[in-house]
There are 2 protein chains.
Amino acid sequence: MSGRAAGEQVTIADVARHAGVAASTVSYVLSGKRAISATTRSRVLASVRALGYHPNAGARALASRKANVIALVLPLRTGMQVPVVMRFATAVVTTARRYDHDVLLVTADEGPSGLHRIAGSALVDGVLLMDVELEDSRVPLLRELSLPGVLIGHPADSTGLACVDLDFRRAGELCVEHLAGAGHRRIALLGAPAAVYDRGTGFAHRTRRGVLAAAGRLGVEAVTRPCEENPAAVRRDLTALLADHPDITGLVVQNESAVEPVLSTLPTLGRRVPQDVSVVAVCPDELAEPSALTCVPVPAEEVGRQAVTLLMRRLRDEPVPEVTLLEPRLTVRDTSR
Amino acid sequence: MSGRAAGEQVTIADVARHAGVAASTVSYVLSGKRAISATTRSRVLASVRALGYHPNAGARALASRKANVIALVLPLRTGMQVPVVMRFATAVVTTARRYDHDVLLVTADEGPSGLHRIAGSALVDGVLLMDVELEDSRVPLLRELSLPGVLIGHPADSTGLACVDLDFRRAGELCVEHLAGAGHRRIALLGAPAAVYDRGTGFAHRTRRGVLAAAGRLGVEAVTRPCEENPAAVRRDLTALLADHPDITGLVVQNESAVEPVLSTLPTLGRRVPQDVSVVAVCPDELAEPSALTCVPVPAEEVGRQAVTLLMRRLRDEPVPEVTLLEPRLTVRDTSR
DNA sequence: GTCGGTCGTCGAAGCGCTTCGACGCCCCGG
DNA sequence: CCGGGGCGTCGAAGCGCTTCGACGACCGAC
C-alpha cells in the first residue's frame with residue numbers, strides 16, 4: 001500500500017496530517033457526528049483512501065465503549081440440524097457486517113463463564129444465543145449481566161428479552177390447510193419424540209396446537225403422536241399409526257430424522273406417496289428439497305437476519321418486541337396432492 | 001456481583017486499590033512478565049476474584065498491540081462439506097480458547113477487502129483460511145499484508161505459508177490399495193461435483209491424483225468422474241458409470257451427499273454391496289459409521305487443533321513447517337471386501 | 001562494613017481513538 | 001454598523017491497559 005511498510009498501522013493522525021486537518025475532524029468525518037463542510041469531508045475521505053486507513057479496532061472500542069462486535073453463541077452438540085446452523089451463521093455474519101459489526105464465535109461449551117468473560121472484557125456489545133432451552137441457565141445470566149441479547153427460539157420466561165422464532169403454530173395450521181384444501185379428511189401429525197413434549201418444548205407444542213386448531217376449524221379429523229428419532233422406531237411408530245387409523249391420507253411430519261424413514265417406509269406399507277398418502281413436513285428445506293418433499297421450511301437466513309436486526313436495535317436502546325414470530329410459508333412439492 | 005452495579009466495568013485500577021498495590025503490579029501478576037512475590041501475587045489474585053475483574057479487551061489490545069483474537073475465514077459455498085466445517089469450527093474455537101484467544105467469524109464472501117479491513121484495523125492477530133483453492137487470490141494477499149495465517153487445504157504455491165490438511169493424495173491411495181488388496185481390478189472414483197474440480201479445490205484434485213497413482217502402480221484399471229450433490233443426480237451418474245463400465249467391482253466415493261444414494265442405488269442396479277461391488281468413501285466418520293461404510297475419515301477436529309496450534313506458534317514468531325499433512329487411516333467396515 | 005546485583009514494586013508515558021468544550025468566522029437581524 | 005448565533009474546526013482530556021525505566025530493600029561476597 002501507499003508509503004507505509006506492510007504491517008505499519010496507518011493512524012488517524014497520519015490521515016489528519018495528510019489532509020491538513022485535526023485528528024478530531026477526521027473522526028467526525030468518519031462518524032458523521034458533527035457537521036463537516038463538503039470540501040473538508042472530501043479532502044479527508046481522499047486521504048483515507050490514499051493511505052488505506054482503517055481505524056484501530058481496539059482504540060476505537062476503548063474510546064467509544066463500543067466493540068462493534070457481537071457474539072454468536074452456538075450450541076455445543078452439532079447433531080442433525082448442522083446445515084441449518086451453518087446457514088444461520090452465514091446470515092448472521094452477513095447481516096452484522098451491514099451494520100458494521102463483526103461476529104465472535106463462541107461455543108456453548110464454555111458455558112456461563114464464557115458469557116461472564118465476554119461481558120466483563122467488553123469484547124462484544126451484544127449476544128445472539130442459539131439453541132435456547134426452556135429453562136436456560138444463560139438466560140437469567142444475560143439479564144443479570146445486562147448484556148443486550150437476542151435469543152433464537154424462546155425460553156419459558158422471555159420477560160425483558162427478545163426472541164426470534166418461526167411461528168410454529170401457524171406452520172402447523174398451514175400444513176393442515178394445505179391438506180384439507182386438497183380434500184384430505186383424516187390426517188395425522190407425526191411429531192417430535194415424546195420427551196420433547198414432556199419437557200414442554202415450545203416449538204413442538206405450538207405446532208401440535210396449530211395442527212389441531214386448523215383441523216377443528218376445517219372439519220378434519222386429526223390424530224397426533226410423538227415419534228422417536230431412530231429409523232427403526234420411526235418405522236414402528238408409523239406402522240402402528242396406520243394400523244390404528246388405516247384411513248389416514250395425510251401426514252404431517254415434524255421430526256427431522258423421521259423424514260427419510262417415513263418416505264421409505266410408506267411404500268412398504270402399501271401406501272404410495274402421494275397417491276395414497278400425502279406427506280408434508282416442517283423441516284429444513286435442504287432435507288426436503290432432495291426428496292421433493294412438500295414442507296414448511298425453517299427459514300434459517302431470515303431468522304439470522306431478524307436476530308441481528310433486533311440486536312442492533314437493542315444496541316441503540318430502541319424498544320424491541322419481546323417475541324418476534326416469522327411467518328411460515330408452505331412449499332408444495334411432489335409428496336402431497 | 002460484588003459491589004459494582006451491573007454494566008460498570010471493573011478496571012485494573014479498582015483491583016490495584018483493593019489489593020493495595022500499583023496498577024502495573026496487577027498487570028505483571030496477570031501477565032507473569034515480571035517476578036512478583038508470592039504474597040503480593042495471592043493478594044492481587046484474591047482481589048481479582050473478589051471484584052470479578054476481566055481486563056478490558058480493547059484497552060489490552062491497544063496497549064499490547066495484540067487482539068488475542070484470530071479470524072476464521074469460512075467458505076460458505078455449495079460443494080462444501082458442511083458438517084465437517086462445523087466440527088472443524090468447534091475444534092478451532094475450543095483450541096483457541098486454550099491459548100486464551102477468541103475467534104472472529106468471517107465469511108469468505110466478504111472477500112479480499114474483508115482481509116484488508118481485518119488486518120488494517122488490528123481486529124485480529126492472525127487468520128485461519130479454510131477451503132483454500134489451488135490458485136487462491138487470498139493467498140498472495142495474506143503474504144502482502146504480512147498477516148500471520150494458516151491455511152486449511154493447500155494452494156499450488158505454499159511458499160512462506162503454513163498449510164494443514166489431510167493427506168488426500170494418500171487417502172486416495174489408501175482406498176485403492178485396500179480395494180486392490182482385496183483383489184479388485186477395475187474401480188471407479190465417484191468424486192466431488194464438477195464445479196469443485198473446476199474451482200481447483202485442492203482436496204478433490206489430490207484425491208483423484210492419489211487414486212490414479214495407486215491404480216497405476218498396482219495395475220488396477222481406474223476411471224474417475226465427478227458427481228453432483230442431489231440424490232437424483234447421484235443415481236443418474238452412478239447408473240451411467242456402471243453402464244459405461246459394467247465390470248467395475250470397486251467404488252471410491254468422495255462426496256458426502258452421494259454416500260447414501262450410492263448405497264441405496266447399487267442394489268437396484270443389481271449390485272449387492274459388498275458381494276458384487278465394494279464401496280469405500282472419503283467422508284466424515286459420522287456419515288460412514290451408521291451405514292457400516294468402509295471409509296477414510298476426514299479428521300476435522302485434528303485439523304482444527306493443528307491449525308490453531310500452528311497459528312499460535314506463528315504468532316510467537318516461531319518457525320513452522322510450510323506444509324503439515326495429516327496421515328489418513330482407513331477404517332474397514334462392511335461395505336468392502 | 002561496604003559495594004554491586006537482584007528482586008519486587010512503582011509511576012509515568014503512551015497505544016489510537018472519541019468526544020467535549022472552546023473558539024473563530026460569517027451571516028443575519030435590528 | 002454592531003451583536004448574537006450557527007457552523008465548522010481544533011486542542012485536549014481521557015478510555016483501561018502494558019511496559020519501560022527507576023528505585024528502594026535486601027542479599028551475599030569481599
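Quick caveat, the model's predicted, so the values are computed rather than measured. To find a chain, count down the sequence lines: A is the first, B the second, and so on, and within it residues start at 1.
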Asks: Show your reasoning for whether side-chain hydrogen bond (donor to acceptor under 3.5 Å, both in side chains) applies to His54(A) and Ser121(B).
Replies: CA-CA 5 Å; His54(A) 290 274; Ser121(B) 63; 6.0 Å; no

Asks: Give the C-alpha distance, both sets of side-chain angles, the deciding distance and a yes or no for salt bridge (Lys or Arg N to Asp or Glu O under 4.0 Å) between Arg117(A) and Asp102(B).
Replies: CA-CA 11 Å; Arg117(A) 181 176 62 83; Asp102(B) 279 285; 2.8 Å; yes

Asks: Do the side chain of Thr40(B) and the main chain of Ile36(B) share a donor and acceptor less than 3.5 angstrom apart?
Replies: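 Between the backbone of Ile36(B) and the side chain of Thr40(B) there is no qualifying donor-acceptor contact (under 3.5 Å).
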
Asks: Within the 4.0 Å heavy-atom criterion, would you say Ser64(A) contacts the bases, only the backbone, or no part of the nucleic acid?
Replies: sugar-phosphate

Asks: Relative to the 5' end of DNA chain D, which residue comes earlier, Thr39(A) or Ser27(B), by the nucleotide with the nearest heavy atom?
Replies: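 In this pair, the answer is Thr39(A).
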
Asks: If you walk 5' to 3' along DNA chain C, what is the first nucleotide with an atom under 4.0 Å of a heavy atom in chain B, and what is the last?
Replies: dG8(C) to dG16(C)

Asks: Could you tell me if the side chain of Thr11(A) sits less than 4.5 Å from the side chain of Pro55(A), heavy atoms only?
Replies: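 No, too far: nothing below the 4.5 Å cut-off.
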
Asks: Between the protein and nucleotides 22-26 of chain D, list the N/O to N/O atom pairs that are separated by less than 3.5 angstrom.
Replies:
{"residue": "dA22(D)", "atom": "N6", "partner": "Arg34(B)", "partner atom": "NH1", "Å": "3.4"}

Asks: State, with a plain yes or no, whether a side-chain heavy atom of Leu315(A) is found less than 4.5 Å away from one of Tyr99(A).
Replies: no

Asks: Base, sugar-phosphate or nothing for Ser37(B)? Non-hydrogen atoms, less than 4.0 Å.
Replies: sugar-phosphate

Asks: I need the Ile118(B) CD1 to Glu110(B) CD distance, nearest 0.5 Å.
Replies: 6.5 Å

Asks: Rounded to the Å, how far apart are Arg43(A) CZ and dG8(D) C1'?
Replies: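 Result: 12 Å.
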
Asks: So which atom in Ser158(B) and which in Glu322(B) form the shortest heavy-atom distance, rounded to 0.1 Å?
Replies: O-CG, 3.1 Å

Asks: With nearest nucleotides of DNA chain C determined for Ala38(B) and Arg65(B) from heavy-atom distances, which residue corresponds to the more 5′ nucleotide?
Replies: Ala38(B)

Asks: Would you please name every residue forming a side-chain contact (heavy atoms from CB on, under 4.5 Å) with Arg143(B), sequence neighbours left out?
Replies: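 Partners of Arg143(B) by the side-chain contact (heavy atoms from CB on, under 4.5 Å) criterion, ordered by chain and then number, come out as Val139(B), Asp157(B), Thr159(B), Leu161(B).
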
Asks: Does Ser24(A) reach a base, just sugar-phosphate, or nothing at all? Heavy atoms under 4.0 Å.
Replies: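 Answer is base: heavy atoms of Ser24(A) come under 4.0 Å of a base.
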
